[in-house]
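Any value given below was found using the heavy atoms of this structure, including those in side chains, with hydrogens, waters and symmetry copies removed. Below, chains carry the letters A, B, ... as their sequence lines are ordered, and counting in each starts from 1. As the structure is a computational prediction, the values presented were derived from the model and not from experiment.
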Protein chains: 2
Amino acid sequence: MAHPDPLPDSSNFALGRLRALLEGGSFDKEQRLPSERVLAAQIGIGRRALRRALEVLEAEGRIWRHQGKGTFLGPRPPEHPSDVEDLSRRTNPLEVMDVRLEIEPALARLAALRASNGDIERLLHLADKTASMSDADGRELWDSALHRAIAEVAGNSLLLAIFDMIDRIRQDATWRLLRERARSGARQQVYVDQHRRVIAAIAQREAHAAEQAMREHLELVRDGLLKVMTSPLPDGKDPQQAIPENTEDQRLHGT
Amino acid sequence: MAHPDPLPDSSNFALGRLRALLEGGSFDKEQRLPSERVLAAQIGIGRRALRRALEVLEAEGRIWRHQGKGTFLGPRPPEHPSDVEDLSRRTNPLEVMDVRLEIEPALARLAALRASNGDIERLLHLADKTASMSDADGRELWDSALHRAIAEVAGNSLLLAIFDMIDRIRQDATWRLLRERARSGARQQVYVDQHRRVIAAIAQREAHAAEQAMREHLELVRDGLLKVMTSPLPDGKDPQQAIPENTEDQRLHGT
DNA sequence: AGGCCGAACCAATTTGCAACTGGTTCGGTG
DNA sequence: CACCGAACCAGTTGCAAATTGGTTCGGCCT
């Protein structure tokens, strides 16, 4: 009886009954099955026996179940991964920077190709705002607004949505402390200059220059982040405590 | 009095009063202002006058407002763009394919570097399932599950989240018809072969081959999409009606 | 003892409703 | 004419109730 294949239905009446329903394509062609309580009553068996049969079908990949939702036909759909809280727990700042280095230079290049004069005025205004902020919190807000404005100007709605997802993770409170330290001191002025260089390239419609300027900017941001993460704090605190475990470098194109 | 600068408060008592509050950094250092009704009562003016003053402040970028939420200091945050319905209305299949061509080859390469034997078994099982489906709906489901499994194996949580966003848009009902046509006929068998080639490269840990195989697969999918979109239907229907206006080719790296 | 059923409870999700917010219109007042 | 008060519309949030799968328990039958 130690048969490795769980298919024989001989030992289970409910399983055969369920398979018949599934193959029959019932349920109004919807993917959702009735609730376990209803289904058990329909077949005329107990809920415990029904669940044992459903476990088999789920293991075979014919159905998938989720607490609070129901039981459905077909392969299990992806979990909703856009929750910023969950996601910012699973990823880490270096992953984020690698993806930003992949996305934002392309956005800057597209922005250079499509920016109107009004767009450029708006970017300059945001750059001024960013530079004029005195507190770290204000800098973060306006810096984010500037980078997003560039993404808007690029005119690719899907890339903009991807940027927004990354940006929301970036602004998560967990990493605020880390980024404030990476942004502190003389680095801030360099960032301001780099912002202006990106916008200047966009204003002159030099796509490649804009792409390169953005890449240099983000590489400096990443380098600052790396230094903060790997070097100990002057007062002795351990910076690693704020960083999830997965810190390996994952280049996207370095075949 | 056609002064271009909207700053003079002389004509408006409420505006000066509001500016004083904003500069004073009140409101418990929170970004949220009291509701219009409360704020109007505090200042001692009517709601209509208050709103006129708030319009000026909003145009200057000092505050932003949203119905149902409230009035806040600082730059306007990005609208939540992860709603699949809104997003699939704004983007188009070609934008999606361009981004997929940017993301998924990288995922295949990473998957080749990190796949365990169990992962590879799972990918093969999904490929078999995809190939065995007889109806278009089933093919779509299992094809999506296969591509996502590769993204899972890649092990970069942020890229996985980005893939999921794209995939949810891809599965939107609006484009179902279009993709079914692009997938029809002999093309289906080629897709099956390409899937197996990608998985074979992953199984042999050949990162570059996996990346290239995935790129070729997606390029063929995009070409099929292009043909369907640009050529008229045999029965005379206009395929353009299902496609938003923004159909220009937006390469991400073709400087 | 083992298998099954009914019932109850837990936990995650969806749904519906009430409260609140900005957006708008209307009539009244000085 | 500018302003106010009030009412209503529309979008958002928060919370409680209902629903669902996940789990445990006691009782019944073979």
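Within a 6.0 Å sphere centred on CD of A:E55, heavy atoms belonging to other residues, nucleotides or ligands number more than 12.
With respect to A:R148, the salt bridge (charged side-chain N to carboxylate O under 4.0 Å, His left out) criterion is satisfied by exactly one of A:D143, A:D167, A:D164: A:D164.
In this structure, CH2 of B:W64 is placed 11 Å from C1' of D:dT12, rounded to the nearest angstrom. Atom CG in A:L39 sits about 17 Å away from atom C1' in C:dG6, given to the nearest Å.
Between A:F72 and A:W64, the ring-plane angle classifies as parallel under the 30° and 60° cut-offs.
With respect to the salt-bridge test (charged N to carboxylate O, under 4.0 angstrom), the residues A:R122 and A:E152 qualify. Under a 4.0 Å N-O distance rule, the pair A:E58/A:R51 does not qualify as a salt bridge.
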For this session: Produce a footprint string for nucleotides 18-30 of chain C: one letter per nucleotide, 5' end first; B if the base is under 4.0 Å from any protein heavy atom, S if only the sugar-phosphate is, - if neither.
Result: ---BBBBB-----

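Across all strands, B:L54 comes closer than 4.0 Å to no nucleic acid atom at all (heavy-atom distances).
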